[in-house]
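Below: the structure, in structure tokens.
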Amino acid sequence: MAQWQQIKMLDKVHMDQIDALYSDDTLPMEVRQYLAYWIEDQNWSQAIELDPSQACCLFHTMLSSLDDEIGRLALGEENNANMLFKHNLRRSKLHLASMYQEHPQELAIAIDALLRQEKAILTEAFSASQASSDPPSDSPVPTRYQHKIEERLMEMQKTIQGLKCSIDHHGDLQDNFGFSYQTHLHLESTTPASEPNRTKTIENLQSMLNKLDHFRQKLVDQIHELLGRSATLRDLLLEELSAWQNHQRLACIGEKCDTSLGRLEGWFTKNAEILFLLLHLLNTLKGMYEKVTYQKDPFKDKLSLLVKQLQEQIICLLRSAFVVEVQPKMPAPNKRPLVLRTNQKFSVRARLLVKLLDRNKPLAVNIDIDRDATNLTGFRKFNILTSQTKTLMMHDPQKQGLICDFKYISLKEQKIAGGGKGNKGISEGSLSITEELHIITFTLDYCYQDIKCQLQTSTLPVVVVSNANQLSSAWASILWFIMLSRDTKNQLFFSRPPPATWSQLSTVLSWQFSAVTERGLDNQQLKMLREKLCGPGTNLQSTITWDQFSKEATVSSPEVNNFSFWTWIDGILLLIQDHLLQLWKNNLIMGFVSRKYEKRLLKRKRAGTFLIRFSESTSSGGITFTWVEFNNDGTPELNSVEPYTKKELEFLSLPDIIRDYQLLAKEVIPENPLLYLYPDTPRDEAFGFYYKKSRQADTMEQRKYLNRRLIRVSAHPEETQTPDVNELLPINNELVADELQSPEYKVKNFLLDEEDPFLCQSNEDQQEPSTLFEMPHLQVDDPVFQNLLTVENIRSETLENDMDDLMKLYAKVEVGLCL
């Protein structure tokens, strides 16, 4: 790697030393930057010690090279960013000329000293990095291709500078030969020379022509070799681009990977600059050829061929550099890309990685859907609403990226004559709406320095739906396609969708959870899902068909569940995202546990140990908990409550449900059986952070109702019973009377917190038993209870799950106690 390139990678401490090194303008840093390869390739110590005239030659070559660099920047005059660079280089050139014009050897001395000090700083930095600890494992590490690309770019940059010097030398040789030849012709026509003199002149001219021919052949060979290196570099760039496209493809379905384009954009732009400079040099040689030519001139046959090869390489580079940076995506709440809904806004962005733009020639980008589609019988057709054309422009002055950003565009289905409402009309196809794959295409007519070509790039296939209830099925199609197909043009993929192995599918499923919840699935959870989908006795290579995944009922319970495996998974994902995110991220929910494994985990734990898992009987996502108790003979008994769905969790959070859960049995005081979260964490220690505090009653406002909070009371804990969220299980009146007369009765079981009068306190808050006469804080004339004094005729029969009647019963009990 070139020395200056290594310097640019230094840390802040050593970079400060480099800044100090160039602080006195002995050699301006911008000159060191732009002539880095040439400066490092010269023998400055030899110019100092052995041949002082060589120092003068190097000095003038440096000034000439700065002129060439300023001229090269002038080729991109339309780019305003070059104005500052040209100004700095021109100022630096004038500074060097005024400082070293009389003593060029001092410049050689200064540069030789600077190069030695740079090496010392690099050596120190390398030693420090060796002594330091290894970098984090997740830090980006350049690949083998990336190192090769950097090296190739440096080599080509160095070669192109040498080629330009050779072309300048060739121009001098050609001018000398042309002048001598024209002089000879003039003298021949005016004063014919003697034969010996004429012969000598012709021999001199022939010698000059031979040198010119040799130099031209050498130039052709250099350019041919440079084009070969460029082709190799292009292949390396295409490998990196293909890797980026694969990363982007997998990132769309949840894999965590870097999809930034900064490094690729820098490589493509640098390579394009080199190729366009080479094209400029070839045009210069073409002009020289038109002035002087001869028989067997290597320029005659080879120069046009080299120009053609170079133009093909430039066009190939440009076509591969036009990419879709951001795939089609609707805004929140749907954060999944590639799933679009008709008449709903979405955005998509294309980028040209070659940042070379002629501002005098605006570049327009057109967008189409299914532009090159064939044999899509039965597929719906769409129109893109709002503008279908945008101008490619520099986006973000700091990054200067060539961006074409289509925002707030939408798709409208074309109406087919005779089509019935709610179906696909007369062109009905064999695929469902969520299995149709559509492709959005960008087209750009590019023009820069006489290179004109049409660039085209396409998005990954998208699924277009018309109803919100189709979004989940559409995402299943996207998952299946990206998981199994590398052919992004295969729009008929679902006419015969291939099967997937569990190894492939399990990885993608885990990505879904890590993308939505930042926590993937572990091996035990994946094992439970595999057995549910494929049945027992399967392995990583077991295959799953598209219908098994997204259409058919699961193998484990097809007679009970009439929904697909993916419908169940997606319902759980939504439930976690909306109501259980922090609990899932902090590993408080075990989630996917088979009944067999659940029993194996709990049967050896102490009574009251519970775990939280997802229900298998709810398509829209349900969560339940199972705890263990022990019979008199010591055998374990597992109890599970009915699943809580999003309907219930919208009113009451799962931690509060767990805290306030009451198990009611005859002649037993209600108690919370959930004591320890598996394996052995006390309930309040695990969920205490998530408990919601009692809401304070606002006594300053007149209100009709007092605050209340629902709690779950179970009589028969079974997962199959699912009462409405506003219901509570009935309380037997005889049991209430027994409790009032029992000496074991605890007053606080029925006393209500004044801040929340209808909140039953949990067993954890109960204190020592007290008599019925020790109630100094309960006064009938308390304003909070005034609305309750007129309550009469409380029913003695079972309250039939009526919440208001239950509240009246509690009020009646309190009034009786006070009287």
Subject >> Under 3.5 Å donor-acceptor, Q248 side chain and E325 backbone >> reply: yes

Original post:
More than 12 non-hydrogen atoms from neighbouring residues, nucleotides or ligands closer than 6.0 Å to CG on D172, yes or no?
Top reply: yes

**OP:** Carefully, step by step, assess K218 and S166 under the rule side-chain contact (heavy atoms from CB on, under 4.5 Å).
**Re:** CA-CA 9 Å; K218 184 178 178 181; S166 299; 5.9 Å; no

**OP:** Supply the atom-to-atom distance L281 CG to I167 CD1, rounded to the nearest 0.5 angstrom.
**Re:** 4.0 Å

Original post:
Looking only at heavy atoms, which two atoms of V365 and C404 are closest? And how far apart?
Top reply: CB-SG, 3.6 Å

**OP:** Provide the full list of side-chain hydrogen bond (donor to acceptor under 3.5 Å, both in side chains) pairs with a residue in residues 480-489, sequence neighbours left out, each pair given once.
**Re:** S458-K489

Subject >> L402 and L363, any side-chain heavy atoms less than 4.5 Å apart >> reply: no

**OP:** Hey, could you give me the NZ/CG distance between K286 and L279, rounded to the nearest 0.5 Å?
**Re:** 10.0 Å

**OP:** Could you tell me whether the side chain of F481 reaches within less than 4.5 Å of the side chain of L460, counting heavy atoms only?
**Re:** no

Original post:
Q309 side chain to H224 main-chain N or O, any donor-acceptor pair under 3.5 Å?
Top reply: no

**OP:** Could you check L163 against L278 for side-chain contact (heavy atoms from CB on, under 4.5 Å), going step by step and ending with a plain yes or no?
**Re:** CA-CA 9 Å; L163 179 63; L278 180 58; 3.6 Å; yes

**OP:** Please indicate whether N539 has more than 12 foreign heavy atoms, meaning atoms of other residues, nucleotides or ligands, lying under 6.0 Å from its CG.
**Re:** yes

**OP:** Name the orientation class of the two ring planes belonging to F215 and H169 (parallel below 30°, tilted from 30 to 60°, perpendicular beyond 60°).
**Re:** perpendicular

Original post:
Are F442 and F406 close enough that their ring centres sit under 6.0 Å apart?
Top reply: yes

Original post:
Are any non-hydrogen side-chain atoms of S230 and I274 less than 4.5 angstrom apart?
Top reply: no

**OP:** Would you mind reporting whether L241 and F268 have side-chain heavy atoms less than 4.5 Å apart?
**Re:** yes

Subject >> Heavy-atom pair of closest approach, residues W475 and P337 >> reply: CZ3-O, 3.2 Å

**OP:** Look up atom CG in L122 and atom CD in Q17, then write down how far apart they are to the nearest 0.5 Å.
**Re:** 10.5 Å

Original post:
So, do E273 and K270 sit near enough that their side-chain heavy atoms are less than 4.5 Å apart?
Top reply: yes

**OP:** Looking only at non-hydrogen atoms, find the nearest pair between K355 and T269 and report the distance.
**Re:** N-OG1, 3.1 Å

Subject >> Donor-acceptor under 3.5 Å (S260 side chain, G262 main chain) >> reply: no

**OP:** Count the heavy atoms of every other residue, nucleotide or ligand shown that sit under 6.0 Å from NE2 of H60, and state whether that count exceeds 12.
**Re:** yes

Original post:
Rounded to the nearest 0.5 Å, what separation is found between the CZ atom of F493 and the CG atom of L437?
Top reply: 8.0 Å

Original post:
Quick one: does R371's side chain get under 4.5 Å of T443's, heavy atoms only?
Top reply: yes

Original post:
Just by distance, with hydrogens left out, do T159 and R229 show a side-chain donor and acceptor under 3.5 Å apart?
Top reply: yes

Original post:
Given the rule in the ring pair (Phe, Tyr, Trp, His ring centres under 6.0 Å) test, do F322 and Y446 qualify, once you have shown the distances and angles that lead to the verdict?
Top reply: CA-CA 10 Å; F322 194 38; Y446 185 78; 9.3 Å; no

**OP:** Verify the neighbour count for atom NE2 of H95: are there more than 12 heavy atoms of other residues, nucleotides or ligands below 6.0 Å?
**Re:** yes

Original post:
Got K148 and T232 here, is their nearest side-chain heavy-atom distance under 4.5 Å?
Top reply: no

**OP:** I would like to know whether N271 and R152 meet side-chain contact (heavy atoms from CB on, under 4.5 Å); could you show each step before the answer?
**Re:** CA-CA 10 Å; N271 190 22; R152 291 279 178 175; over 6 Å; no

**OP:** Evaluate the salt bridge (Lys or Arg N to Asp or Glu O under 4.0 Å) criterion for residues E265 and R351: first the C-alpha distance (whole Å), next the side-chain angles of each, then the deciding distance (0.1 Å), finally the verdict.
**Re:** CA-CA 9 Å; E265 188 175 58; R351 178 186 286 263; 2.6 Å; yes

Subject >> Whether E240 side chain and L236 backbone form a donor-acceptor pair below 3.5 Å >> reply: no

Original post:
Within a reach of under 6.0 Å around CD of E518, are more than 12 heavy atoms found that belong to other residues, nucleotides or ligands?
Top reply: no

Subject >> Side-chain donor or acceptor of S242 paired with backbone N/O of L238 under 3.5 Å >> reply: no

Subject >> L540 side chain near T501 side chain, heavy-atom distance below 4.5 Å >> reply: no

**OP:** To the nearest 0.5 angstrom, please state how far the CG atom of L303 sits from the CG atom of L285.
**Re:** 6.0 Å

Subject >> Check against side-chain contact (heavy atoms from CB on, under 4.5 Å), V462 and F346 >> reply: CA-CA 12 Å; V462 301; F346 70 93; over 6 Å; no

**OP:** State the CZ-CG distance between F513 and L521, to the nearest 0.5 angstrom.
**Re:** 5.0 Å

